[in-house]
Amino acid sequence: MGKSRNPGRRQAAAEAVTESVDGGLAQLLPDRERPRARTLLIDGAPQSHVDPDDPRHLSFEYQRRFGHVVDLVAPPGKPLHAVHLGGGAFTLARYVAATRPRSTQQVVERDAALVRLVRRELPLDPKARIRVRSVDAREGLAKVPDGWAGLVVTDVFSGTRTPAHLTSTEFLDDVRRALAPGGTYAVNLADGPPLTHLRGQIATAAARFAELALIADPAVLRGKRFGNAVLVASDAPLPIAELTRRAASDPHPARVLHGRELTDLTGGARAVTDLAAVASPAPPASVFR
């Protein structure tokens, strides 16, 4: 179909949509400042924000941090092979497609009903090379060819918690298998005081990757509040200086920890195995008020 010749009519089309999906009650809420943009909530918990007219726009703090990683894993504009474990509204896959044309991407989103809702209400660009599989994240990862991905991103929540089987060294072994040499892994972690889950996940990644960096709000790092942190891992040197500059320049500035600072934060935590893995902690109710 051709583009609408009546922008005002097109802009008025964005409306709130509420629909039951496999993971609960999904809502797509309109953005008052961006005519066709929507925020996705599952059972009242914000999941992602998408602006179909400007897929380069990343509204949520953690999405902006993922965006910095995408920008820095390869020279500007170079196509990527990317795997996204957890789809939501496909925000980051859209960002990759917009900033790195001709990228080939696989999205693994278990909630098939959510995928249908997002495809209907926020269709993907048909020219984007994005394949979506509605299977469990670990099952989908197992089907990625060895050494195929330049970037693997994990952003998986069942309700408000990351499933236990996506937090272990065995899981990261399969991430490493799927990554090309020097490829990058990035994961969205949610935790609050006393940061037990976050410390364990840093230790787990350190057991499998040579280089790590953590991007997070200083208040979260100090254990003052519950929030998100993006952990970046690779066997190649990470662009720490530029990550630090970009994170500090965000509307909600973040710190980047690496090296000794990150080791100190880990505080002697041990790597997590499948046998010992537990889901990430549920956020306090006050987080979504």
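Along the sequence shown, residues are numbered consecutively beginning with 1.
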Notebook entry, point to check: Do His57 and Arg34 meet the criterion of a side-chain donor-acceptor pair at a distance under 3.5 Å?
Noted result: yes
Notebook entry, point to check: Where do Ala186 and Phe66 come nearest, in terms of heavy atoms and distance?
Noted result: CB-CE2, 3.7 Å
Notebook entry, point to check: Is it the case that one hydrophobic cluster holds both Phe60 and Val96, taking links as side-chain heavy atoms less than 4.5 Å apart, direct or via other members?
Noted result: yes
Item checked: Arg131 CZ: over 12 foreign heavy atoms closer than 6.0 Å -> no
Checklist line | Stacked cation flag Arg56 on Tyr95, 6.0 angstrom / 45 deg | finding: no
Notebook entry, point to check: Which of these, Leu29, Leu28, Val50, Thr91, sits in a side-chain contact (heavy atoms from CB on, under 4.5 Å) with Leu40?
Noted result: Leu28
Next item on the list: Might you confirm whether atom CZ of Arg100 has over 12 heavy atoms from other residues, nucleotides or ligands at distances under 6.0 Å?
Entry: yes
Item checked: Heavy-atom pair of closest approach, residues Ala229 and Leu214 -> CB-CD1, 3.9 Å
Next item on the list: Inspect the contact between Glu19 and Arg120 and indicate whether a charged nitrogen and a carboxylate oxygen are less than 4.0 angstrom apart.
Entry: yes
Next item on the list: Could you tell me whether the side chains of Asp31 and His49 share a donor-acceptor contact shorter than 3.5 Å?
Entry: yes
Notebook entry, point to check: Can we say Arg208 and Asp173 salt-bridge, meaning some charged N sits less than 4.0 Å from an Asp/Glu carboxylate O?
Noted result: yes
Show me, pair by pair, the donor-acceptor contacts under 3.5 angstrom made by side chains of residues 141-155, not counting sequence neighbours?
unit_1, atom_1, unit_2, atom_2, d
Asp146, OD1, Arg177, NH1, 2.6
Trp148, NE1, His81, ND1, 3.3
Thr154, OG1, Tyr185, OH, 3.0
Asp155, OD1, Asn188, ND2, 2.9
Asp155, OD2, Tyr62, OH, 3.1

Check: Taking side chain as C-beta onward, heavy atoms only, is Val108 less than 4.5 Å from Glu139?
Finding: no
Check: Would Asp217 and Arg225 satisfy salt bridge (charged side-chain N to carboxylate O under 4.0 Å, His left out), going step by step from the backbone distance to the final call?
Finding: CA-CA 9 Å; Asp217 185 297; Arg225 70 172 180 86; 3.1 Å; yes
Notebook entry, point to check: For residues Gln105 and His84, is any side-chain donor paired with an opposing acceptor at under 3.5 Å?
Noted result: yes
Check: What's the shortest heavy-atom distance between Glu211 and Ala236, and which atoms?
Finding: CG-O, 3.4 Å
Next item on the list: Measure across Ile42 and Ala26 and return the closest heavy-atom pair with its distance rounded to 0.1 Å.
Entry: CD1-CB, 3.7 Å
Next item on the list: Over all heavy atoms of both residues, which pair between Ala254 and Ile215 is shortest? Give the atoms and the distance, please.
Entry: CB-CG2, 4.0 Å
